[in-house]
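Each chain gets a letter, A, B and so on, in the order its sequence line appears, and its residues count up from 1. Only a predicted model underlies this, so the values are computations on that prediction, with no experimental measurement involved.
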Amino acid sequence: MGQRSSAEHRDLSALAPELSQSLLDWWEIHGRKDPALKPWMFTKDGRWPEPHEHLNVLECWIAEVMLQQTQLSVVLPYWQRWMKTFPSVEALASASLEQVRLQWQGLGYYSRARRIHEAARQLVQRPWPGDLDGWMALPGIGRTTAGGILSSALNAPAPILDGNVKRVLARLYAHERPLSRDQHVFWGWSETLLDRSRPRDFNQALMDLGATVCTPRRPDCAQCPWWESCAAYASGDPSNWPVVEERKPLPFQVIGIGVVINAAGEVLIDQRLEEGLLGGMWEFPGGKQESGEAIEACIAREFMEELGILISVEKELITVEHAYSHKKLRFVVHLCSLISGEPQPIASQQVRWVRLDQLKDYPFPAANARMIEALLQR
DNA sequence: TACTCGTGGTC
DNA sequence: TGACCAAGAGT
């Protein structure tokens, strides 16, 4: 398969009005228009908004960020709780980053929480953005999120390009390269097809189509309003699109973790650096096992290197397997005792002794939450 | 461009 | 049951 230029794709711009109409007709009947599913998309009296009506921009912004790489059903309870805790941008801006992280705990991609907090602190100091570039200048908001906010809340004519839309477009045009490539081409298609008179409804319809009909596996083309125009359908097997990326196997590592308990019954935790994996989250200290190294030796070494203390490593508490986006880890967790030294934040932001009943006040990543559960049930 | 950055649903 | 993949952004 050689290089293809966008000029080799069909030009659907002349057909855009017709495609938009058939998509919106489908959406009126089959779209995910349920206030229990995405409440930020509805008016306060529970109606789908008319074209001239605006929605709560804060609610849409928070939802759009939470929905980055995260499924609708997962986001909903987080969004509900978040809007009760931080009902205004002032409430959000005046909250501590720690409080914000606690609300985000379990959602993943934790830099999103830090960036929302930073954006809120900017927004209470100056007027809110009025256009795409203004929104994109805020931390954590890229073109899709900005377009989502503007089209959802204000019905402004801004295109979007999320995973659903990319898949639909890749099939519609039978694009011959993986979704990670040719971003400008996909953006051009999304903008070409966008219904300028109903951008809110159109964008929602396009995403709903991808999520419910033009699905990754076994697309239900019999229900698709665009089947007659779809190049992938015409090819005979639409599931051949999008073209699959070649994927590398996840690297695997064993991590030794120590739960040090002192005479007062307190446990030692540390806050990770802001940069990198799980930035700013709290954890039980530990680190990578080196080749040929016993796990007990690994844990003792990590505590000496990263906290400057000597510990004795005792019995195992739990082993947790956890897959991140780009690596797979096995955490082997041992109970430990302090022999000598005062813990120092050598490789972390801070270290702290806390009682077991205080652990719930600290944001922990999912793998650590399982360790805490084992510790509390011990 | 290519890589990092989480977690849970789904088959 | 491991692999794929979600309303992507930042660097």
Side chains of A:Ser337 and A:Glu314: do they bring a donor and an acceptor to under 3.5 Å? yes
Between A:Arg167 and C:dC5, is there a side-chain N or O to OP1/OP2 distance below 4.0 Å? no
If only side-chain N and O atoms of A:Tyr110 are considered, is one of them under 4.0 Å from the OP1 or OP2 phosphate oxygen of B:dT7? yes
Taking the basic N atoms (NZ, or NE/NH1/NH2) and the acidic carboxylate oxygens, is any pair closer than 4.0 Å for A:Lys288 and A:Glu305? no
May I ask you to say what A:Gly106 touches in the nucleic acid, namely base, sugar-phosphate or nothing, with a heavy-atom cut-off under 4.0 Å? sugar-phosphate
Nearest listed nucleotide, side chain of A:Trp40, among C:dG8, B:dA2, C:dA7: C:dA7
Run the salt-bridge test on A:Glu266 and A:Arg352 with the 4.0 Å N-O cut-off and return the result as yes or no. no
Using OP1 and OP2 only, check whether a side-chain N or O of A:Lys327 sits under 4.0 Å from B:dT4. no
Reported CZ-to-CD1 distance for the pair A:Arg143 and A:Ile160, which is rounded to 0.5 angstrom: 11.5 Å
5'-most by nearest nucleotide on DNA chain C - A:Pro139 or A:Met207: A:Met207
So, are A:Lys44 and A:Glu59 salt-bridged, with charged N and O less than 4.0 Å apart? yes
Of the candidates B:dA2, C:dA7, B:dC3, the side chain of A:Lys248 sits closest to B:dC3
Do the side-chain N or O atoms of A:Thr145 get closer than 4.0 angstrom to the phosphate oxygens (OP1, OP2) of C:dA9? yes
Considering only heavy side-chain atoms of A:Leu278, the closest of B:dC5, B:dG6, C:dG8 is B:dG6
Just call it for A:Gln204: base, sugar-phosphate, or nothing, with non-hydrogen atoms closer than 4.0 Å on any strand. base
Taking the minimum atom-to-atom distance to the side chain of A:Gln68, which one of C:dA6, B:dG6, C:dG8 wins? C:dG8
Measure distances between side-chain N and O atoms of A:Ser325 and base N and O atoms of B:dG6, and say whether any donor-acceptor pair falls under 3.5 Å. yes
Where each residue is assigned the nucleotide of DNA chain B containing its nearest heavy atom, which of A:Ser180 and A:Tyr78 is assigned the position nearer the 5′ end? A:Ser180
Who are the ring-ring contact (aromatic ring centres under 6.0 Å, His included) partners of A:Trp48, not counting sequence neighbours? A:Trp27, A:Phe42
Less than 4.0 angstrom between a side-chain N/O of A:His322 and OP1 or OP2 of B:dT7, yes or no? yes
Taking only side-chain N and O atoms of A:Gln69, does any of them lie within less than 4.0 angstrom of OP1 or OP2 on C:dG8? yes
Identify each atom pair where a protein N or O and an N or O of nucleotides 9-11 of chain B are less than 3.5 Å apart, giving names and distance.
none

Quick check: do A:Thr144 and A:Glu64 have side-chain heavy atoms less than 4.5 Å from each other? no
For the P atoms, the ones on B:dC3 and on C:dA7, what distance do you get once it is rounded to whole angstrom? 24 Å
Counting only distance, no hydrogens or angles, is the base of C:dG8 paired donor-acceptor with the side chain of A:Thr70 under 3.5 Å? no
Report the nucleotide, chosen from C:dA7, B:dT1, C:dA6, that has the shortest atom-to-atom distance to any side-chain atom of A:Pro216. C:dA6
